[in-house]
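Numbers here are sequence positions counted from 1.
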Amino acid sequence: MRGIALSGILLGIVMAVGLPGCGPGAGDGEGLLVVRNGTLIDGTGAAPRSNVVLVIKDGRILELGSETDVEIPSNATVIDADGGTILPGLVDTHTHLLNGLLSSTGELSSSSVAYYLESTLDAGITTFRDAGSTVGLSASLSDFRAALDALEVPLPTIVLTGPIIAAEGNLAVRRFADQSVAVADVAAAEAMVNRLLDSGVDQIKIMVDHWESAGGPTPSLTVEQIAAITSAAHERDAWVLAHVTDIADARMAIEGGVDELTHWPGHERLPEDLIQAIVGKDIPVGTTYGIPDVFPFEGDVRRLLDAGGRIVISTDAPGVMPTRDLWREMVRMAQVGMTPMEVIIASTRDAARALGLGDVGTIEAGMVADLVIIDGDPLDDISAIADVTGVVKGGVVAFP
């Protein structure tokens with residue numbers, strides 16, 4: 001039924017984007033909902049709690065506790081977790097899903113909307129960041145919000161960067177023309193930040209990478225341009241994330257004041273001083289599934305975490321099956337040094353914080369009720385994360 005509703009409502013609209021605080025599933029659920037009979041992993045790192053009861057009212061968690069301590073309201077709709085695990089909704093910090101909603105002619109493909117947005121939510125991904133698209137320059141974000149408000153079905157929350165800011169002449173501007181924009185100097189960089197923020201994007205993404213062409217490296221943003229971008233963004237309380245794929249570019253990005261690195265900085269052993277710089281400035285580092293050249297050097301994931309660093313799960317989706325990329329990424333990070341609990345925190349609480357969302361990512365009283373129920377124990381086997389049996393988005397049952 002949800003697929004039918006989406007296709008009927010959205011046909012003819014340029015694009016619909018769920019932005020923080022907008023539309024169904026952003027904390028506007030009605031009535032009382034109870035989730036019971038499951039083991040809670042709340043996303044804070046606290047020990048699991050068995051036989052929990054969650055009482056949800058108007059889209060937020062009103063009360064949680066044990067079966068013996070929490071009274072289930074007689075007028076509530078009750079979801080039985082059937083002994084499964086209850087987790088915060090999963091958060092993917094790096095996708096490129098929005099351009100996938102468009103057909104080859106640039107118009108909305110309703111089948112793509114259903115595939116990308118509905119199946120993403122059904123997979124337990126209640127929030128994601130689109131980190132590079134044409135949105136923000138080529139169309140009005142107010143139109144997107146209006147389209148979202150017209151929907152009467154739960155959709156993921158989407159944090160939006162709009163196009164990636166890159167240096168003029170950078171190969172990425174040619175290769176990814178549908179998701180990047182070039183700036184020539186410091187003034188142009190500052191102006192672009194303000195133009196994007198004026199358009200309504202949530203965060204700013206930059207390209208700090210010398211992309212090799214047939215003639216050798218192409219120009220990247222300079223430290224001065226990066227500093228100008230971050231200064232302009234921070235003046236307006238906006239977060240800046242940087243695409244980096246090697247150690248030298250990571251150093252430039254950090255020197256320029258960025259808030260986040262969106263890829264692992266290359267498949268070389270991270271120097272100790274770089275780790276200390278990342279930790280000292282509290283810069284989260286994103287993972288990216290399926291990119292061999294930016295795969296962590298053996299042992300470096302553990303080194304960064306043990307030093308006090310933060311890792312956030314990200315996929316660079318869409319891939320072949322974009323809605324499953326996050327599951328695969330979580331499994332892979334467990335294989336290269338993260339504990340299952342660290343993987344869960346990296347894909348819930350810490351990921352939500354990187355997106356600037358303070359009321360999702362953990363299951364606590366007062367938080368938005370974004371939940372996923374899985375059949376199994378992800379602390380015993382992180383691959384159980386793929387066995388989704390239920391999703392609640394903003395207090396509304398989204399799946400099944």
Side-chain angles (χ1 to χ4, degrees), residues 1-10 16-36 38 40 43 54-62 76-82 84-92 95 97 101 110-130 147-159 317 321-327 347-348 351-352 355 357 359-363 367-375 385-400:
M1 291 300 294
R2 292 198 293 118
I4 295 172
L6 267 176
S7 298
I9 295 171
L10 287 180
V17 179
L19 297 175
C22 299
D28 62 351
E30 296 179 358
L32 286 167
L33 180 69
V34 168
V35 181
R36 61 170 296 274
L40 175 67
L54 303 178
V55 180
I56 298 165
K57 179 178 174 60
D58 297 329
R60 292 184 180 267
I61 298 167
L62 179 67
T77 299
V78 179
I79 296 175
D80 189 336
D82 197 25
T85 302
I86 305 166
L87 298 159
L90 302 177
V91 180
D92 189 343
T95 75
L97 296 183
L101 302 182
S110 58
S111 61
S112 292
V113 170
Y115 177 77
Y116 285 109
L117 295 187
E118 291 188 74
S119 59
T120 293
L121 188 58
D122 291 350
I125 303 168
T126 55
T127 301
F128 65 86
R129 176 169 57 198
D130 188 275
L148 180 67
D149 289 341
L151 300 176
E152 297 181 356
V153 293
L155 293 173
T157 296
I158 303 175
V159 172
M321 282 292 289
T323 60
R324 297 187 179 182
D325 282 351
L326 190 68
W327 300 337
S347 56
T348 55
L355 271 56
L357 303 176
D359 56 1
V360 298
T362 62
I363 299 177
M367 299 291 278
V368 170
D370 286 0
L371 318 172
V372 58
I373 303 169
I374 65 172
D375 182 17
I385 203 73
D387 295 326
V388 175
T389 61
V391 179
V392 174
K393 175 62 183 165
V396 177
V397 178
F399 175 80

(request) Grab the two heavy atoms, one from G395 and one from L33, that are nearest each other, plus how far apart they are. (result) O-CD2, 3.6 Å

(message) Measuring from atom CG of D130 to atom OG1 of T95, what distance do you get when rounded to the nearest 0.5 angstrom?
(response) 4.5 Å

(request) State the CD1-CG distance between I61 and D370, to the nearest 0.5 angstrom. (result) 8.5 Å

(request) Indicate yes or no: at least one non-hydrogen side-chain atom of L117 is less than 4.5 angstrom from one of I158. (result) yes

(message) So which atom in P154 and which in K393 form the shortest heavy-atom distance, rounded to 0.1 Å?
(response) CB-CB, 4.1 Å

(message) Restricting to non-hydrogen atoms, name the atom on G124 and the atom on V372 that form the minimum distance, rounded to 0.1 Å.
(response) CA-CG2, 3.8 Å

(request) With V391 as reference, evaluate D122, T126, V397 under the side chain to side chain contact (heavy atoms under 4.5 Å, CB included) test and give the passing residue. (result) T126

(message) For the CG atom of D58 and the CG atom of L32, what is their distance to the nearest 0.5 Å?
(response) 7.5 Å

(message) Can a donor-acceptor pair be found, under 3.5 Å and without considering hydrogens, that links the side chain of D359 to the backbone of V368?
(response) no

(request) In sequence, state the C-alpha distance, the side-chain angles, and the governing distance for L40 and I363, and then conclude on side-chain contact (heavy atoms from CB on, under 4.5 Å). (result) CA-CA 8 Å; L40 175 67; I363 299 177; 3.4 Å; yes

(request) Would you check if T348 and L87 make a side-chain contact, meaning some heavy-atom pair closer than 4.5 Å? (result) no

(message) Rounded to the nearest 0.5 Å, what separates atom CD1 in I374 from atom CD1 in I385?
(response) 4.5 Å

(message) Testing the basics here: between R36 and D80, what is the closest heavy-atom pair and its distance to 0.1 Å?
(response) NH1-OD2, 3.5 Å

(request) Looking only at non-hydrogen atoms, find the nearest pair between I56 and A369 and report the distance. (result) CG2-CB, 3.6 Å

(request) Name all residues meeting the side chain to side chain donor-acceptor pair (under 3.5 Å) criterion together with T362; count only those two or more places apart in sequence or in a different chain, and write none if there are none. (result) E364

(request) Identify the two heavy atoms, one from T120 and one from F128, that lie closest to each other, and give their separation to 0.1 Å. (result) CG2-CD2, 4.0 Å

(message) With rounding to the nearest 0.5 angstrom, report the CG to CG distance, L355 to D92.
(response) 9.0 Å

(message) Once rounded to the nearest 0.5 Å, what's the spacing between atom CG of L357 and atom OG1 of T127?
(response) 6.0 Å

